[in-house]
Amino acid sequence: VQLQASGGGLVQAGGSLGLSCTVLGTDVRVVVMGWYRKAPGKQRELVATVSRGGTTIYGNSVKGRFTISRDAAKNTVDLQMNSLKVEDTAVYYCYANLALDYWGQGTQVTVSS
């Protein structure tokens, strides 16, 4: 099982970016998919997750600005990030639970002031 992520990059504060992640190498439908992030000197934190049934959970710092969506049939999850802030700068990790936890390699999001 592999998690293939794309998107991210550099944007000015107030701008938008998107992230996408696909689970490869399995036909098993993922239970939960989502994103976590880790900024330098900080602990890893929840960004957003979505369950197979469509239930979403957002980290407090991104509520109202980020939107997670999922194509369950394709085992793909997208994260739309709007109104980005400098403090959103971090490495973003795709996450998927298929009875076991799997993590992507991480993709950098940098928000400049």
Side-chain angles (χ1 to χ4, degrees):
V1 177
Q2 283 187 315
L3 273 59
Q4 185 176 71
S6 61
L10 173 65
V11 68
Q12 286 191 323
S16 299
L17 283 175
L19 298 175
S20 184
C21 180
T22 300
V23 177
L24 302 174
T26 180
D27 292 329
V28 175
R29 292 184 68 185
V30 179
V31 177
V32 176
M33 289 190 73
W35 296 90
Y36 287 74
R37 68 186 183 188
K38 189 178 187 309
K42 296 185 178 180
Q43 290 187 330
R44 184 175 63 192
E45 67 170 342
L46 167 71
V47 177
T49 61
V50 56
S51 73
R52 187 163 59 195
T55 300
T56 56
I57 299 175
Y58 291 93
N60 287 333
S61 61
V62 307
K63 285 181 181 177
R65 300 187 297 120
F66 291 12
T67 302
I68 191 168
S69 60
R70 174 177 176 177
D71 185 332
K74 297 180 179 179
N75 278 347
T76 296
V77 65
D78 296 316
L79 184 70
Q80 179 62 38
M81 304 181 289
N82 297 327
S83 302
L84 282 160
K85 304 176 180 180
V86 172
E87 50 265 42
D88 292 318
T89 296
V91 177
Y92 285 67
Y93 294 91
C94 180
Y95 161 82
N97 178 271
L98 302 84
L100 296 176
D101 291 338
Y102 294 89
W103 295 90
Q105 78 279 12
T107 185
Q108 179 70 44
V109 171
T110 303
V111 185
S112 63
S113 59

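What's counted below: heavy atoms across the whole structure, side chains too, no hydrogens, waters or symmetry copies. By convention here, the first residue in the shown sequence is residue 1.
Residue-environment remark: CD (Gln108) exceeds the threshold of 12 foreign heavy atoms within 6.0 Å.
Across all their heavy atoms, Met33 and Ala96 have their closest contact at CG-CB, 4.1 Å. Closest heavy-atom contact between Gly9 and Leu17: O-CD1, 3.9 Å. A pairwise comparison of heavy atoms in Thr76 and Ser20 identifies CG2-OG, 3.9 Å as the closest pair. When all heavy atoms of Ser16 and Gln80 are compared, the closest pair comes out as CB-NE2, 3.8 Å. Taking every heavy atom of both residues into account, Gly18 and Met81 meet most closely at N-CE, 4.5 Å. Minimum interatomic distance between Val1 and Gly25 (heavy atoms only, all atoms of both residues): CG2-O, 4.4 Å.
Sorted pairs that involve residues 48-80 and meet ring pair (Phe, Tyr, Trp, His ring centres under 6.0 Å), not counting sequence neighbours, are lacking altogether. Applying the side-chain hydrogen bond (donor to acceptor under 3.5 Å, both in side chains) test to pairs two or more places apart or on separate chains, those with a residue in residues 43-53 are Arg37-Glu45.
Applying the side-chain contact (heavy atoms from CB on, under 4.5 Å) test between Leu84 and each of Thr89, Val11, Val62 identifies Val11 as the sole match.
Between Thr22 atom OG1 and Leu3 atom CG the span is 8.5 Å, to the nearest 0.5 Å.
In this structure, Val86 is not a member of the same hydrophobic cluster as Tyr92, with clusters built from ILVMFWY side-chain heavy atoms closer than 4.5 Å. By the rule that hydrophobic residues join a cluster once side-chain heavy atoms approach within less than 4.5 Å of another member, Leu100 and Val30 end up as members of one cluster. No continuous path of ILVMFWY side-chain contacts below 4.5 Å connects Leu10 to Val111, so the two sit in separate hydrophobic clusters.
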Given side-chain contact (heavy atoms from CB on, under 4.5 Å), test Arg65 with Asp88 step by step and report yes or no. CA-CA 11 Å; Arg65 300 187 297 120; Asp88 292 318; 2.7 Å; yes
Run Val23 and Tyr102 through side-chain contact (heavy atoms from CB on, under 4.5 Å) and show every step you take. CA-CA 9 Å; Val23 177; Tyr102 294 89; over 6 Å; no
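Residues meeting the salt bridge (charged side-chain N to carboxylate O under 4.0 Å, His left out) test with Asp78, sequence neighbours left out: none. Among residues two or more places apart in sequence or in another chain, the salt bridge (charged side-chain N to carboxylate O under 4.0 Å, His left out) test is passed with Glu87 by none. Legend: residues meeting salt bridge (charged side-chain N to carboxylate O under 4.0 Å, His left out) with Arg70, ordered by chain and number and at least two apart, are absent.
Although no hydrogens or angles enter the test, the distance criterion places a donor-acceptor pair under 3.5 Å between the side chain of Thr107 and the main chain of Gly7.
Alongside Tyr36, the hydrophobic cluster contains Val31, Val32, Leu46, Ile57, Val91, Tyr93, Tyr95, Trp103 (criterion: ILVMFWY side chains under 4.5 Å).
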